[in-house]
Structure formats: C-alpha cells, structure tokens
Peer 1: 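Below are the structure tokens for one structure; questions will follow.
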Number of protein chains: 2
Amino acid sequence: MTGPLPDGRKSGGKPRTRIQEINRKIILDAALDVFSAYGFRGSTLDQIAEKAGMSKPNLLYYFRRKQDIYRAVLEAILETWLAPLEELDADGDPIAEISKYIRLKLDLSRDMPEASRLFANEILHGAPVIGEFLRGPLKDLVDRKACVIRGWIEAGRLNHADPVHLIFMIWATTQHYADFDVQVRAVLGDGEDPAPSADPLDGAEATLMTVFLDGLRPR
Amino acid sequence: MTGPLPDGRKSGGKPRTRIQEINRKIILDAALDVFSAYGFRGSTLDQIAEKAGMSKPNLLYYFRRKQDIYRAVLEAILETWLAPLEELDADGDPIAEISKYIRLKLDLSRDMPEASRLFANEILHGAPVIGEFLRGPLKDLVDRKACVIRGWIEAGRLNHADPVHLIFMIWATTQHYADFDVQVRAVLGDGEDPAPSADPLDGAEATLMTVFLDGLRPR
DNA sequence: TTTGGTCTTGACCATTTGGTCAGGTGGCCC
DNA sequence: GGGCCACCTGACCAAATGGTCAAGACCAAA
C-alpha cells in the first residue's frame, strides 16, 4: 500500500510470460467494465471472471486480491487521463490551446466513458486508492499548467479567472457527459421517435466553446 | 404478524406516530451519510443502524428492506434538488437570473455535499432507482426552463448557446465541488501550512461568474 | 392500573462472496 | 518423448450481510 507499484509486480519480479500478458489484459478489460458499472464493493469476482471468460480461481492466479485488480485498472487509466492537460502549450495561442484541451477531454468522454465513470466513482468515495496520486502527480501537473494560464492572463491574452478553478470547470463540464450519461440522455429525450437522436456530445462541443470563450453576456 | 408497515405506506396507510416520525428521520439522516460515503452496495445495514443508534432489526421495523431506505433517502432530496432551477424567472433579467441560479447551486454543494454525492452515485451507476424521475419530472422542468432561456437568446439578451447544454454546464460545474471535493482539495493543496485554506467554493464562485458571463476571450 | 398495540432487540438463518487448496492439464525446452 | 513448471479449475471454507422471529419493554388511552 506504500510504493508506487505500477502493477502487482515488484521490481524484482520475473518478467511476464506471453500468456500472462494476454490474460492480464483480458482481466483488466473485463474489470473496467464491471467496476465502472457497479463500483468496487458492488462488483464481484464472479462477475469479472465470467466477463473475462475464466474461472474465479484463475483470476486470483493473476491478481492475488480483488483490490489488486481494482488498483491495476485505475492505474492503467491514470496516464491517459493526464495526457490532454500535459499537451497544453505555453507557446501556443491561449484560445486555441484551451479549445483544443476541451476538445480532447470531450473525446475522452466519448471514447472512454467507463474509465471516466470508474475515476469519478473512486473520487466520489474519497479516493481511497488514488488519494496519493491526486495530491502528488496530479497537483504538480495542475500547478504547472496553472502557471501557464496565469501567464496568458497577465499578458492580457485571457480574461481574469483563477486558472485552477478554470481547469476544474473544464474537467467538470467535459466529464459530465460520460459520468452523467444516463441523466443527459434522459433530459435530452434519448432515442424518442424515429430519429435516433444524435450523440449528445455533438451539441455539447458547440455550447462549451461558446460559453467558455465568449460567455453568455452579449457583446 | 402482518405489521402496519410504517414505511411504504400508500395513501390508505395509517398515519405515523410521533416515534415513527422521529425515528424515520434519524434513520434517513444516518442513511444519507452512509450511502453517500459508500454507495448502495458498499453500505451495510449494520453501519446505518449504528450511526442511527439503534439495532438492525429496529431499522427493518421502519423500513422493510435496505432498498426502501435508499429510495426514501433519494426521494427526500429530489425536491430540494429541483428547487433552484424552478426559481428561474422568465420575467427577470437573464444575467441576474442565471447568476442567481449558479449561486443557489453552489450553496447546495456547500450545504448538502452528501446529498449531491448520493445523487451523483445513483446516476453514475445508471439511475436504477430514479431513472423514471429523470425521464419524467426532471426532463419536464428542464424543457420548460430551456424555453425561458431560448426566449432570452432570441430576444438578443444572451449569446447563442443551447439552453439544455448550458444547464448541464451549470450542473456540472457547481456539483463538481461537492462530488469531487477530495480532488478539489488535493489539487488546491488543502490545509497545508499554518493557514487553514479557505473554502474552495469561495474561489469557485468568482471564477464561475467570470467565465459563464464573459468567457475567456478578452473583450 | 390495566390493557393492547407499538416499539425494540438478541439470537438466528440462508445466501453471497472473497479467498484457499489440492490436484489436474498443457505448453515449452531439452 | 519426457520432464518441469506455468496455467487452470472444481470443491471447499469462513466471514459478512440482508433479513426473520419470538419474546420482552414501553407507551398511551381508558
């Protein structure tokens, strides 16, 4: 529970066999689906085993404990999660950079909603597993990028707004479409009538851009 | 022994006694804390019973099933949740009305974070209990208020933006501070050094107002 | 004070579930 | 082909947990 441990394997462990590589991946994929749908406590090893197409004892051959699977799934998506913010470039045009960031985050919500929901669930319940990650690498990254944004503001290239809260706003609005997908679809009137309603995220992008860039007050 | 079932009482049920009134409230309060912290499946009747200061069989005297408690807690907060949007007044000034709505939603995040998290958790997992509510009363309310906003836009009093997605944006950004509280505090560097860091929501309000009303692009 | 229903609980039960184990199967290297 | 070790599983176990029950405590009305 202390070290970074990218996965179950300590630094001195043996290298993985071909079969291990394959089956670990299968398990993690199945576990992502199950954990994101039911949460940690709400998921059972049997569910994961069935989805992975193997017996429960075999699951536990690759991961000693349920928690190890959960942690491995979470850690597997952390890097993906940070990547878009990492790309924010101090030398680029502020408006273009932020627009691009919003677009990348929306793409994540569209392409990896399960991962987003798993992440949300973990934080919602106090981040018992990735708390250290939040206070460490995440905070560092945000601090760095906040400086970039602050630079743009001080150069008069962006309106005055707290950079960290701005990042929160972007996280919140983009992940909303993955995390609250059911509500979004319910309110938009998902799949009524003949027309198979378009992806909610199409309408989302235009609205986010308008509001984030120009606000609601008419010029 | 077919008890009077103090709980699921349809319209024809007996009125509640004084003790029932009191104990149901105690149970619902305790259950809100527990369910919001651990989710439905992650919470146990023993936890709720202990927090409520009574025995587990006594819990089940007031609520026949665990699910009944969960549902009752959820239903108890639904009305509170809709209230702020209900107040959006077509005859008011658009900017003032929306500012007020954002402020009210932030107040909810500040004052009832557990309720917000319970709600978020329910939706995150597909809204198995309140799905009907989302597709019914919630959609109706949003549709009504979207018309109000659309009216303001067509009158040139607001920038062009999809009203429903705008509402999503306000929900997302305001509830973020309750639902993702741990992350917010982690990134802001909660409680470091002597200064007991201020409530994150203070900084949030100013930023939300700036971005929602004026956007990021300098005028 | 009596009386009848309300309220409360210790003890108990059945099921679910995370995890173990002994033993079988099969791939890989010699 | 043979031996070794990784891989796999049916059967099993103990703990946790949702829920029941019978019996006692309490309260309020007459």
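A, B, ... follow the sequence lines: proteins, then strands. Residue 1 opens every chain.
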Peer 1: Whole-Å distance between dT17(C) P and Arg65(A) CZ?
Peer 2: 19 Å
Peer 1: Between His176(A) and Phe168(B), does the ring centre distance come in under 6.0 Å?
Peer 2: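 Yes: the rings meet the under 6.0 Å criterion.
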Peer 1: Is the shortest side-chain N/O distance from Tyr61(A) to OP1 or OP2 of dC8(D) below 4.0 Å?
Peer 2: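 For dC8(D), neither OP1 nor OP2 has a side-chain N or O of Tyr61(A) closer than 4.0 Å.
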Peer 1: Figure out the CD1/C1' separation between Ile19(B) and dC27(D), and round it to whole Å.
Peer 2: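 In whole Å, dC27(D) C1' lies 7 Å from Ile19(B) CD1.
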Peer 1: Nearest to the side chain of Pro57(B) - dC7(D), dT9(D), dT20(D)?
Peer 2: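 Closest nucleotide to the Pro57(B) side chain: dT20(D).
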Peer 1: Does OP1 or OP2 of dA6(D) have a side-chain N or O of Tyr62(A) closer than 4.0 Å?
Peer 2: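 So the side-chain polar atoms of Tyr62(A) never come under 4.0 Å of the phosphate oxygens OP1 or OP2 of dA6(D).
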Peer 1: Could you state the interatomic distance from OH (Tyr61(A)) to CG (Asn23(A)), rounded to the nearest 0.5 Å?
Peer 2: 10.0 Å
Peer 1: In Å, rounded to the nearest 0.5 Å, how long is the span from CG of Asp162(A) to CG of Asp202(B)?
Peer 2: 11.5 Å
Peer 1: Which donor-acceptor pairs under 3.5 Å do the side chains of residues 79-89 of chain A make with protein atoms, sequence neighbours left out?
Peer 2:
{"unit_1": "Glu86(A)", "atom_1": "OE2", "unit_2": "Arg144(A)", "atom_2": "NH1", "d": "3.3"}
{"unit_1": "Glu87(A)", "atom_1": "OE1", "unit_2": "Lys100(A)", "atom_2": "NZ", "d": "3.2"}
{"unit_1": "Asp89(A)", "atom_1": "OD1", "unit_2": "Asp91(A)", "atom_2": "N", "d": "2.9"}

Peer 1: Can you tell me how far C1' of dC13(D) sits from CG of Leu60(A), to the nearest Å?
Peer 2: 14 Å
Peer 1: Would you kindly give the CD1-to-C1' distance between Ile27(B) and dT9(C), to the nearest whole Å?
Peer 2: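 After rounding, the reported distance stands at 14 Å.
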Peer 1: Are Glu21(A) and Lys25(A) close enough, and set up right, to give a salt bridge (charged side-chain N to carboxylate O under 4.0 Å, His left out), and what steps lead you there?
Peer 2: CA-CA 6 Å; Glu21(A) 214 70 56; Lys25(A) 181 98 174 60; over 6 Å; no
Peer 1: Rounded to the Å, how far apart are Glu21(B) CD and dC7(C) P?
Peer 2: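 To the nearest whole Å, that distance equals 11 Å.
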Peer 1: What's the separation between atom CZ in Phe180(B) and atom CZ in Arg185(B), rounded to the nearest 0.5 Å?
Peer 2: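 The CZ atom of Arg185(B) is 15.0 Å from CZ of Phe180(B), to the nearest 0.5 Å.
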Peer 1: Please report, rounded to the nearest Å, how far the C1' atom of dA6(D) is from the CE atom of Met54(A).
Peer 2: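 Distance check: Met54(A) CE to dA6(D) C1' gives 14 Å.
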Peer 1: Rounded to the Å, how far apart are Gln67(B) CD and dG19(D) C1'?
Peer 2: 14 Å
Peer 1: Using a heavy-atom distance cut-off of less than 4.0 Å, which residues of residues 34-49 of chain A contact DNA chain D?
Peer 2: Arg41(A)
Peer 1: Please check the phosphate of dG19(D) (OP1 and OP2 only) for any side-chain N or O of Arg64(B) closer than 4.0 Å.
Peer 2: no
Peer 1: According to the Watson-Crick and G-U wobble definitions, with both distances under 3.5 Å, which nucleotide is paired to dG19(C)?
Peer 2: dC12(D)
Peer 1: Check the distance between dC7(D)'s P and Ile22(A)'s CD1 and give it to me in whole angstrom.
Peer 2: 11 Å
Peer 1: Does a distance-only test, which skips hydrogens and angles, find a donor-acceptor pair under 3.5 Å between the side chain of Lys66(B) and the base of dG19(D)?
Peer 2: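 In this structure, the two groups form no donor-acceptor pair.
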Peer 1: Extract all donor-acceptor atom pairs below 3.5 Å that involve side chains of residues 104-118 of chain A and protein atoms in other chains or at least two apart in sequence.
Peer 2:
{"unit_1": "Ser109(A)", "atom_1": "OG", "unit_2": "Thr174(A)", "atom_2": "O", "d": "2.8"}
{"unit_1": "Ser116(A)", "atom_1": "OG", "unit_2": "Asp179(A)", "atom_2": "OD1", "d": "2.7"}
{"unit_1": "Arg117(A)", "atom_1": "NH1", "unit_2": "Ala178(A)", "atom_2": "O", "d": "2.8"}

Peer 1: Using the rule given for side-chain contact (heavy atoms from CB on, under 4.5 Å), can you reason through Asn121(A) versus His125(B), listing the C-alpha separation, both sets of side-chain angles and the distance that settles it, and then say yes or no?
Peer 2: CA-CA 9 Å; Asn121(A) 193 63; His125(B) 295 101; 3.1 Å; yes
Peer 1: If only side-chain N and O atoms of Asn23(A) are considered, is one of them under 4.0 Å from the OP1 or OP2 phosphate oxygen of dC8(D)?
Peer 2: yes
Peer 1: Here's a test of your reading of the structure: between Leu59(A) and Lys56(A), which maps to the more 5' nucleotide of DNA chain D?
Peer 2: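 Counting from the 5' end, the first nearest nucleotide belongs to Leu59(A).
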Peer 1: Between Asn58(B) and dC7(C), is there a contact of a side-chain N or O with OP1 or OP2 at under 4.0 Å?
Peer 2: no
Peer 1: At less than 4.0 Å, is any side-chain N or O atom of Gln20(B) found next to OP1 or OP2 of dC7(C)? Yes or no.
Peer 2: yes
